[in-house]
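Okay, so here's the structure we're looking at.
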Amino acid sequence: MSQKSGKADIICPVYKKCGGCQLLHMEYKKQLDIKREQLTTLLKPYGKLEGIIGMETPEHYRHKVHAVFGRDNKGKVISGVYKEGTHIIVPVEKCLLENEKADEIIQTIKGLLKSFKIKTYDEDTGYGLLRHVLVRVGHSTGQIMVVLVLGSPILPSKNNFVKALRKEHPEITTVVINVNDKKTSMVLGDKEQVIYGPGYIEDRLCGMTFKISPKSFYQVNPRQTEVLYQKVIDFAELSGKEVVLDAYCGTGTIGMIAAPHAGRVIGVELNKDAVRDAIAGAKKNQISNIRFYQADAGDFMVKMAGSDEKVDVVLMDPPRTGSSEKFLKALVKLGPQKIVYVSCNPETLAKDLQFLCRKGYEMDKGVGVDMFPFTKHVETIVGLQRRDM
Ligand code: SAH
């Protein structure tokens, strides 16, 4: 055993096998130092980093927990995570990152399988039923969603299964069956059947209520998400009059929080379920100056840039791959006075910044928010201003 991993092995028995916590061997302060240094170096050509905002208690922050089900080579049912880059299941019962209640629910489900004669799915043969369990916990509402991902649509004695599960965990507010019969590394399939409750949960952030469906994107670390969103609003410096575009808006969280500070807000997002959740959220929060569109952000941006619509501020939060060239070119053409770029991947952020800074923008603010303690992942917010030409 190397010196480096010795301490981490005590904290987590599957540290090395799992691969999810690349920085577990380091004290939290040191993790933040490393992330700050990494960001400072990457952003140096464009501007200055204010620092990185860490968590006071960095454990158990993940409110979306996923477990893959299968059997070990002795035939015993196991649940856990795929070893990084493989389909080998590493059994995990408790995780330092995950919400503890979610972990307990997954263990209860594992314990119920035998008496309900539910077999775990075998990826090689396609035999068996239960593939994955996804648990989403509303941080401030306490509402809990359980998604059972099955290889085929029928769960025997489903009502009794829900009853037995809720007997152990009455705090579960909804249970959904998701059918994934494909040979794929995607967790969720297309078909869904709600077998208990409304089929979604709600959560509250920054004073707003958000609806979260099984497939909608919602930040996994709600405590830090509030910090993140507050910073986005600070960087946007809205006066109450601006037209704001929230690109890659997910369930519309950022746009809805910005809406009371803006003239009006337009949200664009590819995922249909997320857009449906966003529209429901706006209604629930009684926000009338926001509209959501389901589209590819690049296509949408091209249309906006080609119309006479004026946009003052673009808030963008693309996936890990960063934004597309199509989007960036159209963004520059649209020419908002301000851009606030939220990124979960500093490398693609730096690449996109290079483009924007060559095309008339300059970075005036930047800050890291540690959304993923113990892992190598870093979240960054950058504020850009259009240079007056
Ligand atoms: N701003 C949101 C979501 C950010 S995650 C939040 O804070 O919760 C990135 C989002 O981009 C996801 O919801 C994903 O579905 C969406 N997305 C990915 N590719 C896209 C594309 N080409 N066009 C529009 N949205 C896209």
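Bear in mind the structure is a predicted one, so any value in this text is a computation, not a measurement.
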Would you say CD of Glu309 has more than 12 non-hydrogen atoms from neighbouring residues, nucleotides or ligands within 6.0 angstrom?
yes
Could you pull out every donor-acceptor pair under 3.5 Å between side chains of residues 184-191 and any protein atom, sequence neighbours left out?
{"residue": "Thr184", "atom": "OG1", "partner": "Met186", "partner atom": "N", "Å": "2.8"}

Centres of the Tyr341 and Tyr361 rings: under 6.0 Å?
no
Would you call Lys30 and Asp33 a salt bridge, using N to O less than 4.0 angstrom?
no
Could you check whether the rings of His63 and His139 sit parallel, tilted or perpendicular, using 30° and 60° as the cut-offs?
perpendicular
Would you tabulate the side-chain donor-acceptor contacts of residues 49-59 under 3.5 Å, counting partners in other chains and residues two or more places apart, or write 'none'?
{"residue": "Thr57", "atom": "OG1", "partner": "Arg223", "partner atom": "NH1", "Å": "3.0"}

Just one of Arg136, Lys211, Lys284 clears the salt bridge (charged side-chain N to carboxylate O under 4.0 Å, His left out) bar with Glu202, so which one?
Lys284
Counting distance only, does the side-chain N/O of Arg166 pair as donor-acceptor with the main-chain N or O of Ile172 below 3.5 Å?
yes
Do Tyr28 and Asp370 meet the criterion of a side-chain donor-acceptor pair at a distance under 3.5 Å?
yes
If I take atom NZ from residue Lys241 and atom CZ from residue Arg264, how far apart are they, to the nearest 0.5 angstrom?
15.5 Å
Check this for me: Lys365, atom NZ, are more than 12 non-hydrogen atoms of other residues, nucleotides or ligands nearer than 6.0 Å?
yes
Do the side chains of Asp299 and Lys326 get close enough for a salt bridge, i.e. N-O under 4.0 angstrom?
yes
If you apply the rule side-chain hydrogen bond (donor to acceptor under 3.5 Å, both in side chains), what do you find for Gln354 with Lys351, and how did you get there?
CA-CA 5 Å; Gln354 188 182 36; Lys351 189 169 133 274; over 6 Å; no
Residues 73-80 side chain polar contacts: donor-acceptor under 3.5 Å, at least two apart:
none

Hey, mind stepping through Asp277 and Ser216 against side-chain hydrogen bond (donor to acceptor under 3.5 Å, both in side chains) and telling me if it holds?
CA-CA 8 Å; Asp277 290 351; Ser216 302; 2.5 Å; yes
Among Phe300, Phe217, Phe327, ring pair (Phe, Tyr, Trp, His ring centres under 6.0 Å) partner for Tyr248
Phe327
Looking only at heavy atoms, the pair that brings Gly306 and Lys333 closest together is CA-NZ, 4.4 Å
So Asp181 and Ser152, side-chain hydrogen bond (donor to acceptor under 3.5 Å, both in side chains) or not? Walk me through it.
CA-CA 6 Å; Asp181 50 12; Ser152 50; over 6 Å; no
Do the rings of His25 and Tyr15 sit parallel, tilted or perpendicular, given the 30° and 60° boundaries?
tilted
